[in-house]
Amino acid sequence: QVQLVESGGGPVQAGGSLRLACAASGRTFSTYYMGWFRQAPGKEREWVAAITWSGDREYYADSVKGRFTISRENAKNTVYLQMNSLKLEDTAIYYCAARSHSLSVIRSTPGEYDYWGQGTQVTVSS
C-alpha cells in the first residue's frame, strides 16, 4: 500500500512558476512508476506527465511539453512537477499517482495507476 500526499499548489499569476511535490509512504517507492494528472472543473481528469521508476525516462502531454518538468528523488520518496510559464488553462486540481511494476512506456490513463493522492489546487490568474 502506498499513500501519496501532494503539496505546493496555490494561486499564481500567468507566466509564473510553481513546483508541486508528492510525498509517498512505503519503502518501495523507488520501484513505482509515477504520474501527474489534473482535473479542471467540469472536465475529465487529464494526464500531465509521467516518470519511470529509475527516472531515466519522462513523458509529457503535448499541452505542457516544454513548460513542465517531472522529476523524482527516490531517497526522499518524492516526485516533483516543476511548472513554468503557467497559463490560465493550467488551472486545475493536480493529482499524483503511482503504479507498481511498470515497463518504461507511457501510462496516460487513470486506470493504469494503482494509487492516488488527494490533490492540490493550482489557480492561475491574469
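A quick note: this is a predicted structure, and the numbers were derived from the prediction, not measured.
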Would you say that [X] contacts [Y] through its side chain, given a criterion of any heavy-atom pair below 4.5 Å between the two side chains?
X: Leu88; Y: Ser126; value: yes
X: Trp47; Y: Phe37; value: yes
X: Met34; Y: Leu4; value: yes
X: Val122; Y: Leu18; value: yes
X: Arg72; Y: Tyr80; value: no
X: Cys22; Y: Trp36; value: yes

Straight-line distance of [X] [atom1] to [Y] [atom2], nearest 0.5 Å:
X: Ser108; Y: Glu46; atom1: OG; atom2: CD; answer: 10.5 Å
X: Glu112; Y: Ile106; atom1: CD; atom2: CD1; answer: 10.0 Å
X: Leu20; Y: Thr78; atom1: CG; atom2: OG1; answer: 12.5 Å
X: Ser125; Y: Leu86; atom1: OG; atom2: CG; answer: 10.5 Å
X: Gln118; Y: Ser7; atom1: CD; atom2: OG; answer: 13.5 Å
X: Arg99; Y: Trp53; atom1: CZ; atom2: CH2; answer: 15.5 Å

When you look at [atom1] of [X], are more than 12 heavy atoms from neighbouring residues, nucleotides or ligands closer to it than 6.0 Å?
X: Gln3; atom1: CD; answer: no
X: Gln13; atom1: CD; answer: no
X: Glu58; atom1: CD; answer: yes

Arg57 NZ/CZ over Tyr33 ring centroid, <6.0 Å and within 45° of normal: no
Ring-face cation contact, Trp116 with Arg45, 6.0 Å cut, 45° max: yes
Specify the closest pair of heavy atoms between [X] and [Y], including all atoms of both residues, with the distance to one decimal.
X: Ala24; Y: Val2; result: CB-CG1, 4.2 Å
X: Ile51; Y: Val79; result: CG2-CG2, 4.1 Å
X: Ser63; Y: Arg67; result: O-NH2, 2.9 Å
X: Tyr113; Y: Ala50; result: OH-CB, 3.7 Å
X: Ala40; Y: Ala92; result: N-CB, 3.8 Å

Test side chain to side chain contact (heavy atoms under 4.5 Å, CB included) applied to Leu81 and Val48, step by step: CA-CA 9 Å; Leu81 186 68; Val48 174; 4.2 Å; yes
Measure from the side-chain N and O atoms of [X] to the backbone N and O of [Y], and report whether any donor-acceptor pair falls under 3.5 Å.
X: Tyr59; Y: Ser104; answer: yes
X: Asn84; Y: Ser17; answer: no
X: Gln39; Y: Glu44; answer: no
X: Glu6; Y: Ala21; answer: no
X: Asn74; Y: Ser54; answer: no

same_hphob_cluster(Phe29, Tyr115) at 4.5 Å side-chain heavy-atom cutoff: yes
Verify same cluster id: Ile93, Val64 (apolar side-chain graph, 4.5 Å): no
Qualifying residue for side-chain hydrogen bond (donor to acceptor under 3.5 Å, both in side chains) with Arg38, from Thr91, Asp90, Thr120: Asp90
Aromatic ring pairing Phe68/Tyr94, orientation class (parallel under 30°, perpendicular over 60°, tilted between):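 Answer is tilted, since the angle falls between 30° and 60°.
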